[in-house]
Amino acid sequence: MTLAVGGGLIVAGAVVALVHAAMSSVQDSIALPPRSEAPYSDPYEEEPYEEDPYAEEPYAEEPTATEPDAKKDVTITACTRDPQIGWQSAKVKVVNGSSTTASYTIMMEFLDEDGVKVAEGGAGVVDLEPGGSAVKKAQGLGEVPPGTTCRISDVWRTPSD
C-alpha cells in the first residue's frame with residue numbers, strides 16, 4: 001500500500017513538472033509586444049459639448065392627433081366579418097378636407113355586441129391631395145364574434161409638403 005501511494009506521488013510530481021515546462025514554453029511563444037517608448041501624458045480633458053449653432057433643426061412634425069376636422073375626413077363604408085376566419089375589417093373612405101396634401105393614419109376598434117373592444121386594426125393613406133379621396137381596408141387582427149361592429153378610434157393627419 002505504501003508503495004502504491006509513493007508511486008502515485010512520484011507520478012503526480014512528474015505530471016506537475018511536465019505541465020510547468022509546457023506552460024513556460026507556451027508563455028515564451030505568446031510574448032507581449034514591447035512597451036511603447038512614448039512618454040506618459042495625463043488623460044485628455046474634453047471640452048464641454050456645444051451644439052453646432054449653424055445646424056438645421058431636425059424635421060419632426062408630429063401628426064395632429066384626432067383633430068375634429070381630420071376625423072370628419074374619414075367615414076366607414078363597410079364593416080364585415082370574414083365568415084371563414086372570423087376576422088373583422090372595415091372599409092374606410094378618406095376625403096382630404098385640408099388645404100394641403102396630407103397623409104392619414106386611421107385606427108379602428110372592433111366592438112362586440114356589448115360594446116367591448118375585441119380587436120383593433122388600422123389603415124393608412126399617403127400623399128392625398130386636397131379634396132382627393134381614397135378607399136382603404138382597415139384589417140382587424142384576431143377572431144371576433146358574429147355581430148361585431150366597427151368604430152373609428154383615432155385619425156392622424158400629417159401634412160406631406
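Side-chain atoms are counted along with the backbone in the values below, which use heavy atoms only and exclude waters and symmetry mates. Keep in mind it's a predicted model, so treat the numbers as computed, not measured.
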Work out which heavy atom in [X] is nearest to a heavy atom in [Y]; give both atom names and the distance.
X	Y	value
Val118	Pro145	CG2-CD, 4.2 Å
Ser153	Lys71	O-NZ, 3.6 Å
Glu143	Ile85	CG-O, 3.8 Å
Ala138	Met108	CB-CG, 3.4 Å
Ala70	Val155	O-CG1, 3.5 Å

| task | Find the distance between NZ (Lys137) and OG (Ser89) and round it off to the nearest 0.5 Å. | result |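 Between atom NZ of Lys137 and atom OG of Ser89 there are 4.5 Å.
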| request: Quick one: which residue pairs count as a salt bridge (charged side-chain N to carboxylate O under 4.0 Å, His left out) with a foot in residues 74-91, not counting sequence neighbours? | output: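 Qualifying pairs: none.
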| query | With distance as the sole test, does Thr148 use its side chain to make a donor-acceptor pair with the main-chain N or O of Asp112 at under 3.5 Å? | reply |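 It does not hold such a pair.
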| message | Please check this pair: side chain of Thr77 against backbone of Lys93, looking for a donor-acceptor N/O pair closer than 3.5 Å. | response |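 Judged by distance alone, no pair lies under 3.5 Å.
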Starting from [Y], can I reach [X] by hopping between I/L/V/M/F/W/Y residues whose side chains sit under 4.5 Å apart?
X	Y	value
Phe110	Val116	no
Leu128	Ile76	yes
Tyr104	Ile152	yes

| query | disulfide (SG to SG under 2.5 Å): which pairs involve residues 78-110, sequence neighbours left out? | reply |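 Output for this query lists Cys79-Cys150.
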Evaluate the side-chain proximity of [Y] to [X]: yes if any heavy-atom separation is below 4.5 Å, no if none is.
X	Y	value
Arg157	Asp73	yes
Val94	Ile106	yes
Thr101	Pro130	yes

| field | side-chain hydrogen bond (donor to acceptor under 3.5 Å, both in side chains) between Thr158 and Ser103, worked out | value | CA-CA 5 Å; Thr158 307; Ser103 295; over 6 Å; no
| task | Output all residues satisfying side-chain contact (heavy atoms from CB on, under 4.5 Å) with Lys117, sequence neighbours left out; order by chain, then residue number. | result |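 If we apply the side-chain contact (heavy atoms from CB on, under 4.5 Å) test to Lys117, skipping adjacent residues, the hits are Glu109, Leu111, Glu120.
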